[in-house]
Amino acid sequence: MRIATWNINGLKARLDYLCLWLAERRPDVVGLQELKTEDAQFPHARFAELGYVAHVHGEKAWNGVAVLSRGEAEVFQRGLPGQEALGARLIGVRVAGLDFTTVYCPNGKTLAHVDYQRKLDWFEALAAYWAERHAPDRATVLCGDFNVVPHATDSWRGADGDGEIFHTTLERERFATLLALGLIDLYRDRHPEGRAYSWWDYRGGSFHRGHGLRIDTLLGSEAVRRRVVEVVIDRDFRKKQGELTPSDHAPVYADLSDR
DNA sequence: ATGTCTACTGATAGTAGA
């Protein structure tokens, strides 16, 4: 089974590109972030053609998350309790024997911006929700765009980035709290030494300069980790495909054995 | 190089957000 996460930066603008990737990689379950689409505008029919059912938590213009799956899925959560004011950023479904949750964590903008503290608070709410709702012995996935660089090695700037937005100790502590709840960074677990990024700024030729950050992650419980065969950051799909413009994020996927 | 891309607007170019 192949599970994936991808911040697509606008579903309407990315639909053809996304469908190209679905046809090429054939994932079974996909968490999508930054739909920027109202639920009423969600193109369910287009995904049905490719064999996917979608469950959506969207809003106009900003944010928005969804889960695509080949099999039946049942939504158990839309939105992070108490954090609705920050937008549609979380959806959880039971699918293929997994509790699969995808999140679009707040960006924070700058350290001086009020949104930075809101980001930290949002993470605390996420950890509290997770601690309350998710038993560590179940097969659970928490994936998405965390907008946090977990370690210096996950930034093109290395330790020189420490203290900048996405790279602060407080953000890293919030991310580490999720790991302390029994979640494992599946890419880092599979590739302890690998240096790979999942996001590159559109500006300044960042992709070609290698100026990226690893901020998109599949976190899994131990029951998921022990089934991992491979984890891939699919950087070919950060490139232009013909005339189709990529997202600023690459997809990340993991292949799991059946048991 | 903050050099791009997306979606919004009493729109049709300019702004905000990332």
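Letters go in sequence order (proteins before strands), and every chain restarts at 1. Model, not experiment: these values are computed from the prediction.
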Inset, instruction - Please tell me which of the listed nucleotides, B:dT4, B:dC8, B:dT6, lies nearest to the side chain of A:Ala13? - result: B:dT6
Legend entry - Atom pair CG (A:Leu35) and CZ (A:Arg14), whose distance is rounded to the nearest 0.5 Å: 12.0 Å
Legend entry - A:Asn7 CG - B:dA18 P separation (whole Å): 11 Å
Inset, instruction - Could you please name the option among B:dG17, B:dT6, B:dA7 that lies closest to any side-chain atom of A:Lys12? - result: B:dA7
Legend entry - Closest-nucleotide 5' rank along DNA chain B - winner of A:His249 and A:Thr37: A:Thr37
Inset, instruction - Please check the phosphate of B:dT9 (OP1 and OP2 only) for any side-chain N or O of A:Lys60 closer than 4.0 Å. - result: yes
Inset, instruction - Choose from B:dA18, B:dC8, B:dT6 the nucleotide whose nearest atom is closest to any side-chain atom of A:Lys36. - result: B:dT6
Inset, instruction - Would you name the heavy atoms of A:Asn63 and A:Ala88 that are closest together and state the gap between them? - result: CB-O, 3.4 Å
Legend entry - Residue A:Arg203, side-chain heavy atoms: nucleotide from B:dT6, B:dA7, B:dT2 that is nearest: B:dT2
Legend entry - Candidates B:dA18, B:dC8, B:dC5 - which lies nearest the side chain of A:Ala61: B:dC8
Inset, instruction - Determine yes or no for a side-chain-to-main-chain donor-acceptor pair under 3.5 angstrom, with A:Glu132 supplying the side chain and A:His134 the backbone. - result: no
Inset, instruction - Decide whether a cation-pi geometry holds between A:Arg70 and A:Tyr52; the criteria are a distance under 6.0 Å from NZ or CZ to the six-membered ring centre and an angle within 45° of the ring axis. - result: yes
Legend entry - Rounded distance in Å between the P positions of B:dA11 and B:dT6: 23 Å
Legend entry - Between B:dC8 and B:dT2 - P atom distance, rounded Å: 27 Å
Legend entry - Distance, P atom - from B:dG17 to B:dG10, rounded to whole angstrom: 15 Å
Inset, instruction - Tell me which of A:Arg14 and A:Asp145 sits closer to the 5' end of DNA chain B, going by the nucleotide each one is nearest to. - result: A:Arg14
